Amino acid sequence: MSSGDSFYITTPIFYPSDVPHIGHGYTEVAADVLARWHRQAGDDTWLLTGTDEHGQKMLRTAAAGGMTPGEWADRLVAESWIPLLETLDIANDDFIRTTQPRHETGVQAFVSKLHDDGFIYTGEYEGYYCVGCEEYKQQSELVEGTGPFEGQQVCAIHSKPVELLQERNYFFRMSDFQEKLLALYEERPDFVQPESARNEVVSFVKQGLADLSISRSSFDWGIPIPWDGDHILYVWFDALLNYATAVGYGKDEEQFERRWPGIQLVGKDILRFHAVIWPAMLMAAGLEVPKHVFAHGWLLVGGEKMSKSKLTGIAPEQITDVFGSDAFRYYFMRAITFGQDGSFSWEDLSARYQAELANGFGNLASRVTAMVTRYVGGVVPAPGEYTEADLKIQATVARATADADAAMERFAIHEAIGAVWTIVEELNGYITEQEPWVIAKDETRRERLATVLYTAAEGLRSLAVLLSPVIPKATAKLWTALGAEAGLGALAVQPLRDAGGWGQLPVGSQVTKLEALFPRIEQEVETPAAAPAGA
RNA sequence: GGGGCGGUAGCUCAGCUGGUUAGAGCAGUGGACUCAUAAUCCAUCGGUCACGGGUUCAAGUCCCGUCCGCCCUACCA
């Protein structure tokens, strides 16, 4: 909690041949909101994202498009993934690509160390190989054969028998870490979050860990094994290390010391890699494991996991084009309990936009700035003596700030926003009850008018600060309209944990007209057709 | 097969170690008000807490069973 602490948070790195959908956006926004919160609170914050560009699938899709995998990745990164971050207003501090030299050298240093320390050995990988697919198949990818192949296991794609093949590979002694991992989960119950994710991981590890095959020799799009040029590193081993190489592992000791360890935010589908393999790798290398591995849930559309094949995949632009990036950010952070699966629907998005952003917060900002402009010439007036109603607002602001910060510490982003929203609700009620438009007609009550307007404006000031990590664009406009920058400086540097202190907006600040922060969207929002075909 | 999570008002969800008449938001209905993005505020309607047993003075909240949904059961990323 103390100011200046390192807060290093990562998202999973994108596999660029996917098409960006709102699930990717959801992860990015969550990490960004947490990072912005901590950054503005004065913590030494670093937000990392990037792309995972190795692996057989990249090689194949690139070849299919007549390109080298490197060219293919360059194009996808430039055309899809960097734009995604812009679309969603993500303020990442770094973007790592696993094809960058800084990553490859760091990875090789890491693997060499494990090799030197005896955590890697040569073994035989045995698996079912499908000639048609040209790759090994997992048991789950095999089905019972029919017809001539009755009684045999066949490839689910080609319906032909698979061969049992062996291949010389390098293995990581992951099984050595079973007990250490269990001890870690035990000693640090918040290492894997949320609780449901932790349970799955614990029961999985208790079933026993096998060593992990970490090299491939059947294709060459990957990082070479330093001591054996015929093998490349298994792509997950490579990919996970981005969290370390991006902050200087094996290269910039000072930066690494400053950032490490971090927080890995992931989707629950890749939890195991992050909660089992990853900490085992770090333990082997003598590095600290992450502070937390937090698995968020899936977005459900129509009660099912969103998927392209079912035409439920939604491109982020479909939402931001209509509602804007702030609304995207707000909606997913507010409507979904962070860590659980959450339902997405256009109806819900539209309803919340209207009720909460437009009618709630946007209209509050609008009515307050309008009254200050109309009744006191746009100059924030000095408050007189506070009454019980005014003090109640002050208490609400203080409590909301404390509650929100506590919630953010627990990754309960939805709760944090809920806590801040109590200010919106209280303030709207306060204004309606105080009736400044009635007071304004009575010349003998100028001081009371000033007090009410100051309370409302100062309340808005706190909202601008507290909501800026979530809806940075709208709060920036509000900050300008409040004329706060002249006396307080830029919104982005307002210390978040002090946002609950009363009386920060300087008397005399020049309030100006405010355009609608979240204009009503009159059009009937219909479910658009499936996402546009990807690259 | 084994394991996990969930099934609470029309919708989305809260309900911690069991304890007064089960809550919120939205939607619906009625009223107040006019500063504001026809916004806001107040009131109100609405639930056999999946089902069946059990423990208990007391169960949505613990135990057993059943049904339904989703997920995990290791090297595509």
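The model shown is predicted, which means the values in this text are computed figures rather than measured ones. Here is how names work: the chains are called A, B, and so on, in the same order as the sequence lines, proteins then strands, and each is numbered from 1.
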* Tell whether A/N359 reaches the base of B/A39 with its side chain through a donor-acceptor pair below 3.5 angstrom. => no
Counting only side-chain heavy atoms from C-beta out, which of [options] sits nearest to [X]?
{"X": "A/T432", "options": "B/U40, B/U73, B/G3", "value": "B/U40"}
{"X": "A/W298", "options": "B/U37, B/C72, B/C41", "value": "B/C72"}
{"X": "A/A370", "options": "B/A36, B/C75, B/C71", "value": "B/A36"}
{"X": "A/E200", "options": "B/G4, B/A74, B/A14", "value": "B/G4"}

Would you kindly give the [atom1]-to-[atom2] distance between [X] and [N], to the nearest whole Å?
{"X": "A/K268", "N": "B/C5", "atom1": "NZ", "atom2": "C1'", "answer": "8 Å"}
{"X": "A/Q207", "N": "B/G3", "atom1": "CD", "atom2": "P", "answer": "10 Å"}
{"X": "A/W437", "N": "B/C33", "atom1": "CH2", "atom2": "P", "answer": "11 Å"}
{"X": "A/R334", "N": "B/C26", "atom1": "CZ", "atom2": "C1'", "answer": "11 Å"}
{"X": "A/F361", "N": "B/A36", "atom1": "CZ", "atom2": "C1'", "answer": "14 Å"}
{"X": "A/E433", "N": "B/C42", "atom1": "CD", "atom2": "C1'", "answer": "9 Å"}
{"X": "A/E415", "N": "B/C16", "atom1": "CD", "atom2": "P", "answer": "13 Å"}
{"X": "A/I336", "N": "B/C11", "atom1": "CD1", "atom2": "P", "answer": "18 Å"}

Considering just the side-chain nitrogens and oxygens of [X], establish if one lies under 4.0 Å of OP1 or OP2 belonging to [N].
{"X": "A/Q340", "N": "B/G4", "result": "no"}
{"X": "A/R520", "N": "B/A39", "result": "yes"}
{"X": "A/R374", "N": "B/A36", "result": "yes"}
{"X": "A/S343", "N": "B/C13", "result": "yes"}
{"X": "A/N199", "N": "B/C5", "result": "yes"}
{"X": "A/R272", "N": "B/U73", "result": "yes"}

* **Non-hydrogen side-chain atoms of A/W236 and A/I270 separated by less than 4.5 Å** => yes
* So do the side chains of A/H115 and A/I225 get within less than 4.5 Å of each other, counting heavy atoms only? -> no
Rounded [atom1] spacing from [N] to [M] in Å:
{"N": "B/G47", "M": "B/U8", "atom1": "P", "value": "15 Å"}
{"N": "B/U17", "M": "B/C76", "atom1": "C1'", "value": "44 Å"}
{"N": "B/C16", "M": "B/A22", "atom1": "P", "value": "15 Å"}
{"N": "B/C26", "M": "B/C51", "atom1": "P", "value": "28 Å"}
{"N": "B/C42", "M": "B/U56", "atom1": "P", "value": "46 Å"}
{"N": "B/A50", "M": "B/A59", "atom1": "P", "value": "15 Å"}
{"N": "B/G19", "M": "B/G25", "atom1": "C1'", "value": "27 Å"}
{"N": "B/G23", "M": "B/G15", "atom1": "C1'", "value": "7 Å"}

* For A/D348, which residues count as a side-chain contact (heavy atoms from CB on, under 4.5 Å) partner, sequence neighbours excluded? -> A/Y331, A/A335, A/S345, A/R352
* Of A/Y234 and A/S366, the one whose closest RNA chain B nucleotide lies more 5' -> A/S366
* Asked: When you match A/S196 and A/D269 each to their closest nucleotide on RNA chain B, which lands nearer the 5' end?
  -> A/S196
* Asked: What class does the angle between the rings of A/F177 and A/F119 fall in, given that below 30° is parallel, 30 to 60° is tilted and above 60° is perpendicular?
  -> tilted
* Parallel, tilted or perpendicular: rings of A/W421 and A/F361 (30°, 60°) -> tilted
Tell me whether [X] is salt-bridged to [Y], with the criterion being a basic N under 4.0 Å from an acidic carboxylate O.
{"X": "A/D390", "Y": "A/R448", "answer": "yes"}
{"X": "A/D190", "Y": "A/R410", "answer": "no"}
{"X": "A/K57", "Y": "A/D18", "answer": "no"}

* If you write RNA chain B from 5' to 3' in dot-bracket form, with Watson-Crick or G-U pairs under 3.5 Å, [ ] for crossing pairs and | for pairs with another strand, what do you get? -> (((((((..((((.....[...)))).(((((.......))))).....(((((..]....))))))))))))....
* Nucleic acid contacts of residues 208-215 of chain A, taken as heavy-atom distances under 4.0 Å to RNA chain B -> A/G208, A/L209, A/A210, A/S213
* Asked: Checking side-chain contact (heavy atoms from CB on, under 4.5 Å) for the pair A/Q193/A/R198: CA distance, chi angles, key distance, verdict?
  -> CA-CA 6 Å; A/Q193 294 189 70; A/R198 175 177 179 271; over 6 Å; no
* Asked: With ring centroids as reference points, do A/F237 and A/F273 lie under 6.0 angstrom apart?
  -> no
* How would you label the contact of A/G429 with the nucleic acid (heavy atoms, under 4.0 Å): base, sugar-phosphate, or nothing? -> sugar-phosphate
* Of A/Y15, A/F95, A/F14, the residue whose pairing with A/W81 passes ring-ring contact (aromatic ring centres under 6.0 Å, His included) -> A/F14
* Derivation of the side-chain hydrogen bond (donor to acceptor under 3.5 Å, both in side chains) call for A/T369 and A/K513 -> CA-CA 7 Å; A/T369 52; A/K513 192 167 170 29; over 6 Å; no
